[in-house]
Structure formats: structure tokens, C-alpha cells
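Only one structure is covered here, and it is reproduced in the block below.
A note on names: the letters A, B, ... follow the listed sequences, proteins ahead of strands, and every chain is numbered from 1.
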2 protein chains.
Amino acid sequence: MPNKAAPFDTLDRQIVAALTENGRASFAEIGAAIGLSSTAVKRRVDRLRETNVITGFSATVRPAALGWLTEAYVEVYCDSAAPPRRLAEVVRNHPEIAAAMTVTGGADALLHVRARDVEHFEEVLERIRTEPFIRKTISYMVLSHLLPDSPEAGARRPATPAAAPDSAAIQR
Amino acid sequence: MPNKAAPFDTLDRQIVAALTENGRASFAEIGAAIGLSSTAVKRRVDRLRETNVITGFSATVRPAALGWLTEAYVEVYCDSAAPPRRLAEVVRNHPEIAAAMTVTGGADALLHVRARDVEHFEEVLERIRTEPFIRKTISYMVLSHLLPDSPEAGARRPATPAAAPDSAAIQR
DNA sequence: AGTGAAATTCTCCGCGA
DNA sequence: TCGCGGAGAATTTCACT
């Protein structure tokens with residue numbers, strides 16, 4: 001069911017671009033750049049949020065600075081017909097999984113995993129392998145990023161998951 | 001090379017967690033949650049930015065809402081010894097590449113590609129294949145995300161690249 | 001390091017074109 | 001939908017502990 005056709009014009013696009021580049025830019029600042037008043041910008045941003053074009057705001061963090069030094073992509077192979085629903089549950093049980101999706105090709109799913117170090121990664125991998133219908137995994141360790149400024153080089157999730165690297169954990 | 005002694009305590013971690021969850025949270029709000037004044041929070045955030053723990057702020061956008069409906073991971077195989085430096089240049093030439101990294105395993109690099117649709121993706125793939133020392137590519141199309149709330153399901157970069165799809169309808 | 005206060009700027013309303 | 005204007009918050013800087 002298609003939602004109501006929301007008029008998504010150039011102005012909206014420019015606003016999204018501005019907030020993508022700087023999520024804390026003020027409405028006045030954005031307005032000055034695209035020729036709109038701050039109130040008009042606010043109204044549009046509110047609408048973009050209500051229609052879930054913009055789903056939130058977040059600080060971009062360099063995981064390495066927080067002690068997350070290891071990263072890998074993991075192909076997951078499941079038994080026979082593995083229901084994606086159950087796979088999703090499994091994925092949510094492991095906070096080190098930063099992203100997960102079903103994909104075409106031999107594997108049933110591809111996971112993006114962040115860990116503190118290689119030992120931690122190994123532990124995560126064993127934990128995942130223990131899950132019911134996981135048959136095998138193939139890991140590709142990330143060596144270096146070719147787009148350091150990309151969203152995925154820095155991440156937002158690592159701040160939250162379970163055990164934080166050094167000492168103190170995050171209380172919640 | 002160890003960084004200069006950066007005192008990174010529990011308070012900093014809590015601030016990062018708060019800004020990761022809500023990048024537009026006010027300093028006062030964060031301060032109230034962790035027992036600090038807004039000024040103290042601001043100073044710490046400024047320091048976190050200067051030390052590149054926090055590299056920026058950004059709106060989280062749902063690419064599908066902007067008309068980026070197709071997504072894939074692409075393994076890239078290069079001729080003989082392909083210099084990562086040149087590979088990085090190549091990657092920067094294609095705005096549809098949201099992330100790129102060198103990895104262990106058979107492939108030389110793994111690319112995260114976003115395109116408007118399958119035709120567009122094919123066009124991107126052919127463009128990449130045309131590059132000098134790219135020998136072959138293997139693509140894994142993303143079918144569905146198992147962690148819808150993850151940073152990578154939504155993206156920041158798609159707002160900018162080349163031609164944006166015409167007025168996209170908002171749909172789920 | 002932290003707090004508090006003052007000046008500036010921004011956000012968030014309602015109202016009118 | 002836009003812009004204007006005012007009340008209330010937030011940001012930013014400064015002085016002090």
C-alpha cells in the first residue's frame with residue numbers, strides 16, 4: 001500500500017543533504033543556504049520525520065576510538081529453508097552485529113560484525129555458530145577502509161552494545 | 001602509535017551513547033541524564049570532536065524514501081598486485097559506492113553499492129568493470145534487512161550522489 | 001575538572017498573506 | 001506554504017571554585 005504521495009521537491013532534497021552532512025545544523029543556517037526562512041525549514045524537517053524520510057539523528061563515531069578495532073563481513077549458511085523471521089531474532093541476540101541482511105548468492109545472509117579484537121571476534125563467531133540452524137559461516141576480515149569518510153567506516157551502534165572495551169560499561 | 005593520553009571515562013562513554021541514540025539531544029538534556037551541567041557536557045563534546053572520537057553529526061535517512069531501492073555488496077578482484085591507493089581513487093569516482101574496504105579472502109575489495117533500481121545498478125557495475133585493473137566482480141544483491149534500525153539500513157550518503165530519482169513517492 | 005550567569009542564537013508557537 | 005514576531009530554551013562564552 002503506497003502511502004500518500006508526499007511532494008518531495010528540490011528543497012526537501014537540499015534539506016536532507018544539509019542534515020546528512022551536518023545533523024546539528026540549525027534551521028536558520030539551512031534556510032540561509034537554500035533560500036528559506038528558519039520556520040519553513042523546520043516545518044519541512046518535521047514533515048520529513050513524520051513521513052520517515054528522516055528516521056533520526058545521530059553522532060558519527062569512530063569505532064576504533066572506542067576500542068572496536070576489528071571488523072568483518074560474515075556469510076551465513078543455514079539449514080534447508082531457514083525462515084528469515086527466525087534469522088532476524090538470532091541476529092538481535094548478538095549486539096556485535098552492526099548490520100544484517102538476506103542476500104542473493106550462495107549464502108542466506110550477510111552480517112556486518114564489529115568486535116574489540118580478534119579474540120572477541122572469534123568468540124562472537126562461535127556464539128553465532130552455536131545458534132540452532134546455522135550450518136556454516138565464512139568470514140571476510142576488513143583490512144582497511146577505502147572511503148574513510150563513509151557512514152559505515154564510522155558507526156553509531158558500537159557505543160551501545162553490551163560490553164564496552166576498557167573498563168567501565170555503559171549503564172542504562 | 002598510541003594516541004596521546006586521552007582520558008576517556010564513563011561520562012564520555014555515556015555522552016557518546018546519548019548522542020549516538022539522539023544526535024540532536026541538548027547538552028542540558030544529556031547533562032540531566034548523567035548528572036552534569038550543560039556547560040560541562042558541551043566541553044566534553046567539544047573535546048570528543050577535537051580528538052576525533054566523534055567525527056560529526058548526521059541525519060539518518062531511509063534510502064528507499066529517496067528512491068534508492070537497490071543495494072548490493074560487490075566483491076572486486078584485481079589484476080596481480082593492485083595498489084590499494086589506486087583502488088581508493090577508483091572508488092571515489094563512483095558516488096554510488098557507499099562503502100569500500102580491502103578484505104581477507106579471495107577478493108581484493110568489498111564494495112557496498114546503492115542504486116536507484118536494478119538497471120541503474122547494472123550501469124554502475126559496468127562502469128566499475130571498465131576501470132583499468134578490475135578483473136572481475138561478484139555481486140550479492142541485498143534482499144531484505146534483518147536489522148531495520150541499523151545505521152547501514154538507513155544511509156547518509158545517498159542524499160548527495162549524482163542524479164536523484166525524480167519525485168519519489170513515500171512508501172514503506 | 002566542575003558550576004553558574006549573561007549574551008546570543010535557535011526553537012516553537014500562533015497569526016496573516 | 002510561506003514569512004513574521006514573540007515567548008521560552010538552548011548554545012556559547014566568561015568568571016569563579
Quick one: label B:S26 by what it contacts on the DNA or RNA (base, sugar-phosphate, nothing), any heavy atom closer than 4.0 Å.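 Sugar-phosphate contact only - B:S26 comes under 4.0 Å of backbone atoms but never of a base.
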Between the side chains of A:R127 and A:E96, is the shortest nitrogen-to-carboxylate-oxygen separation below 4.0 Å, so that they form an ion pair?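 Salt bridge present between A:E96 and A:R127.
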Cationic N near anionic O, under 4.0 Å, B:D9 to B:R13: no
Nucleotide nearest [X] when distance is taken to its side chain, options [options]:
{"X": "B:S38", "options": "D:dG3, D:dT11, C:dG2", "value": "D:dT11"}
{"X": "A:L36", "options": "D:dG3, D:dT1, C:dG2", "value": "D:dG3"}
{"X": "B:T39", "options": "C:dC12, C:dG2, D:dT13", "value": "D:dT13"}
{"X": "A:F27", "options": "C:dT3, D:dT11, C:dC12", "value": "C:dC12"}

Answer yes or no: is there a side-chain heavy-atom contact under 4.5 Å between A:F27 and A:L36? no
Whole angstroms only, please: what is the [atom1]-[atom2] distance between [X] and [N]?
{"X": "A:I30", "N": "C:dT9", "atom1": "CD1", "atom2": "P", "result": "18 Å"}
{"X": "B:N22", "N": "D:dA10", "atom1": "CG", "atom2": "P", "result": "13 Å"}
{"X": "A:F57", "N": "C:dT11", "atom1": "CZ", "atom2": "P", "result": "10 Å"}
{"X": "A:D46", "N": "C:dG14", "atom1": "CG", "atom2": "C1'", "result": "15 Å"}
{"X": "B:R44", "N": "C:dA1", "atom1": "CZ", "atom2": "P", "result": "8 Å"}
{"X": "A:L11", "N": "D:dT1", "atom1": "CG", "atom2": "C1'", "result": "11 Å"}

Between [X] and [N], does any side-chain N or O lie under 4.0 Å from OP1 or OP2?
{"X": "A:R24", "N": "D:dT11", "result": "yes"}
{"X": "B:R43", "N": "C:dT3", "result": "no"}
{"X": "A:K42", "N": "C:dC12", "result": "yes"}

B:Y73 ring center near A:Y73 ring center (under 6.0 Å):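 Here the rings of A:Y73 and B:Y73 have centres that are less than 6.0 Å from each other.
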May I ask you to decide if A:M141's main-chain N or O and B:T104's side chain share a donor-acceptor pair within less than 3.5 Å?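 Between the backbone of A:M141 and the side chain of B:T104 there is a qualifying donor-acceptor contact (under 3.5 Å).
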